[in-house]
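Read the structure below first, then the notes.
Note that this is a predicted model, so its numbers are computed, not measured. Just so it is clear: chains get the letters A, B, ... in the order the sequence lines come, proteins before strands, and each one is counted from 1. Values below: all heavy atoms of this structure, side chains included; hydrogens, waters and symmetry mates excluded.
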Amino acid sequence: MSTPRQYKDLEPDEAYAFKLEDLEEDEMILNMGPQHPSTHGVLRIELKTDGEIVKDAQPHIGYLHRNFEKHAENIDYQGIIPFTDRLDYVGSMGNSLSFAFAGEKLMGIEVNERVQSIRVLTAELQRIASHLLALGTYGLDIGAFTPFLHAFREREKVLDLFEWLCGARLLYNFNWIGGVSHDLPDQWTDRVKVFLDQFEPVIDELHNLLSYNKIFTKRTASIGIIPPELAIGYALTGPNLRGSGIKWDTRKEDPYCGYEKYAFDVPVGQGRFGPIGSCWDRYYVRVEEMRQSVRILRQAIEKLPPEGDVHETVPKRVKPKPGEVYARTEAPRGELGFYIVSDGGLIPMRVKARSPCFVAMSIFREIAKGEMIADMVAIIGSLDIVVGEIDR
Amino acid sequence: MKEYFLDFWDAVSSTATGMAITLRHLFMKNETQQYLSDEKPETRWNSVIVPEGLLQDRSRMRLYVKMEDCIGCLQCEKVCPVDCITISTEKRQKTELPIFAANGQGIKQRVVQFDIDMSLCCYCNLCVYPCPTDCIVMTPEYEFAERDKTNFLYRFAKDKATPPEPPEEKKEAEPVAAG
Ligand code: SF4
Ligand code: SF4
C-alpha cells in the first residue's frame, strides 16, 4: 500500500488553480485564508487580482474534511445522528431532523403529532439562532460591531432554551429516527413565548441598526449580484435563492413535519437598494425569515398537542429493509437532503448529504469576478457558508 | 451633485438612528454576566430566559459511572459512536459472594477495566440510554479542563483483575553427569 499523498507532497501548481505563466501584466495571485477571520471557518480562496479588481477567484475546500460519508457507512443509524449534528454546527437541529426524516421515510415510520410539533418548534428556534449568527457576523465582516453583540445576546437565549430542553448547547443529538430524545419540560413553551415577545422588537432594532444604515447598504446592495437564472442554474437553495427573488421554500413546496398547517410567508429579495439578488437582498431575506419563524413558533405553541409520547415510534433497532431514500428539509441555509441506501443491515450502505453550503460555495467563482478585493468578504458573508457542511 | 449630498445626509441620519439605539441600550440593564464573579458565585447557571435552577436539569457534560451498579453488560461500549469506552470483564466465580446492582440485578461479571476517554467523547448521551442499571450518567460538571491530554482517560474500575495462575514450573531434567 502506498502512503496517501499529503498536502506538502503536492506539486506547487497543483495547489494553485491559476498558473503563474498564464498571468498577464499587472496580475497577481493572492491567497485568502485558510485562516482568515471572515471566511467563517477554514476556507481558502485563491484570487487572481489586477490591482484592486478580482479577475478570478477559486475556492479551495477540504480543510475541515471529517469524512462524514465514509464514516456513516461504519456505524449504525442511531450513531450517525451525532455526526450529522456536526455538519452544519450552527444549525444542528435542522441537520439531525433531516437525517431522522430520511430514516423514518426508509423505515415507513409515521411520528405522532406531538413529535412533529416539537420538531417544528426546535427547527424554527434553530433557524432564528442560525440566522442571528449569520447576520451578526455579516455585520462584523462589513465592520459593524454593535449588531453582532445584539445578535449574540439573543442567540444565547435560544441556546439556553435548548440546553434546558435537551442538555446540550450546540450539538444536540435531539431528533432521533422515530421521535425526539426528550419531551418538552414544563413551562418550556411559556418561556419560548416570553422569548418571542421580547425578540420581535429586536428585529426592528436590527433593521434600524444595520439594515437601513446607508454605509451598510452602499457596501452591500450593489455587489455579489446573483440573477435569478444563475441562481437556478447553480441549484441554489434557501435564503440565497430567495434573495434572487425566487419564491421557493421546501417547507411550502414539499411540506414535512406538518408545515402545511402553519401560515407563513416566504420573503424574497426585492432589490430595494440596488439590483435584485445582491448581498443586501440575501441579508434582508434572512432578517425577514426570522420574523416568519416567530410567526410559525407562535402557531406551533398554540397547536402543540398536550398529550403524546415522544418515544412512541422509536424503533428498538433501526434496521430498514433494503432500499433507498432521499429526504429533504429546509435547513437554515437551504435545502438539506440525505440520500440513504440500505442493504437491510444495521448500518447503511451509503449516506450522501446534499448540503446547501457546498452549492452556495460553487457559485462564488461566478459572482466574484469583477468585484473589488474588499468586497470579497462581503460576498462570502452574504452566502452564509459553514465550512463544516461544505467539507463534511 | 444633489444625489451626492442626499447620500451624505442619509448616511448621517441612519447612523444617528443606530447611535440612538446604542445610547438607549447604554442605560439598560447589563446583559453580560461575569463568569464566576466573586460577588455572585451562583451566576454560572444563570440564564435570562430559563427559570432559576432549571437550566442544568438535563445538562450533558462529564460522564460518571457508578461502578457498584455496573453489571458489565457492555451495552454502552457497543453503542458509543466514537468508541471511547473500553471495558473488560471477567467471570465471577460461583464460590464468590453474590452481589446485586441497585435495581436487584445480579452481577455476574467483575469489571476490571472501565475506561472512558473524555477527550474523544462527543457528549451524545447515547451510552446512557441502553444501560440496564442506569449506572452510567451524564453530570452537569463542565469544568474539567486539563493541561495533559492523558488525564482525560478516566478509569472507573475499582476491581483488580485476578492475576493469572503462575505457570507450573517445569522440573529441569537433572544434568546427567558426563562419564
Ligand atoms: S456520550 Fe456518546 S461519545 Fe461519550 S461515551 Fe457516551 S456514547 Fe460515547
Ligand atoms: S451499560 Fe451500564 S451496566 Fe452495562 S457495562 Fe455499561 S455502565 Fe455497566
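- In terms of heavy-atom pairs under 4.5 angstrom with chain B, the leader among A/Trp176, A/Trp188, A/Tyr212, A/Phe195 is A/Trp176.
- Under a 3.5 Å cut-off, the side chain of B/Thr17 and the backbone N or O of A/Asn208 do not form any donor-acceptor pair.
- Applying the 6.0 Å contact sphere to CG of A/Asn67 captures more than 12 heavy atoms from other residues, nucleotides or ligands.
- For B/Val82, the part lying under 4.5 angstrom from a heavy atom of chain A is the side chain only.
- Residues B/Pro81 and A/His71 form no side-chain contact, since every pair of their non-hydrogen atoms from C-beta on lies 4.5 Å or further apart.
- Neither the backbone nor the side chain of A/Glu156 comes within contact range of chain B, judged by heavy atoms closer than 4.5 Å.
- Interatomic distance, CD1 of A/Ile215 versus CG of B/Asp7, reported as 11.0 Å (0.5 Å rounding).
- Atom CD of B/Glu3 sits in a sparse spot, with 12 or fewer heavy atoms from other residues, nucleotides or ligands closer than 6.0 Å.
- When the shell of 6.0 Å around CZ of B/Phe144 is examined, it contains more than 12 heavy atoms from other residues, nucleotides or ligands.
- Summarising the geometry of A/Gly167 relative to B/Met61, their closest heavy-atom pair is O-CE, 4.5 Å, with the distance given to 0.1 Å.
- B/Tyr129 places a side-chain heavy atom less than 4.5 Å from the side chain of A/Ser181.
- The greatest number of non-hydrogen atom pairs below 4.5 Å with chain B, out of A/Asp76, A/Asp85, A/Leu165, is found for A/Leu165.
- Interface remark: A/Phe83 contributes side-chain atoms only to the contact with chain B (heavy atom separation under 4.5 Å).
- A 4.5 Å side-chain heavy-atom check between A/Pro185 and B/Arg58 finds at least one atom pair inside the cut-off.
- Atom CG of A/Asn213 and atom OG of B/Ser14 lie 4.0 Å apart (nearest 0.5 Å).
- Environment of CZ in A/Arg317: sparse, with no more than 12 heavy atoms of neighbouring residues, nucleotides or ligands closer than 6.0 Å.
- Heavy-atom distances place both the backbone and the side chain of A/Arg191 under 4.5 Å from chain B.
- Between B/Asp10 and A/Lys214, the shortest heavy-atom contact is CB-CD, 3.4 Å.
- Taking CG of A/Leu209 as the reference point, atom OG1 of B/Thr22 lies at 5.5 Å (rounded to 0.5 Å).
- At least one donor-acceptor pair closer than 3.5 Å links the side chain of B/Arg60 to the backbone N or O of A/Cys166.
- Between A/Pro82 and B/Leu126, the shortest heavy-atom distance links the atoms CG-CD1, 4.0 Å.
- Around atom CE of B/Met67, more than 12 heavy atoms belonging to other residues, nucleotides or ligands sit under 6.0 Å away.
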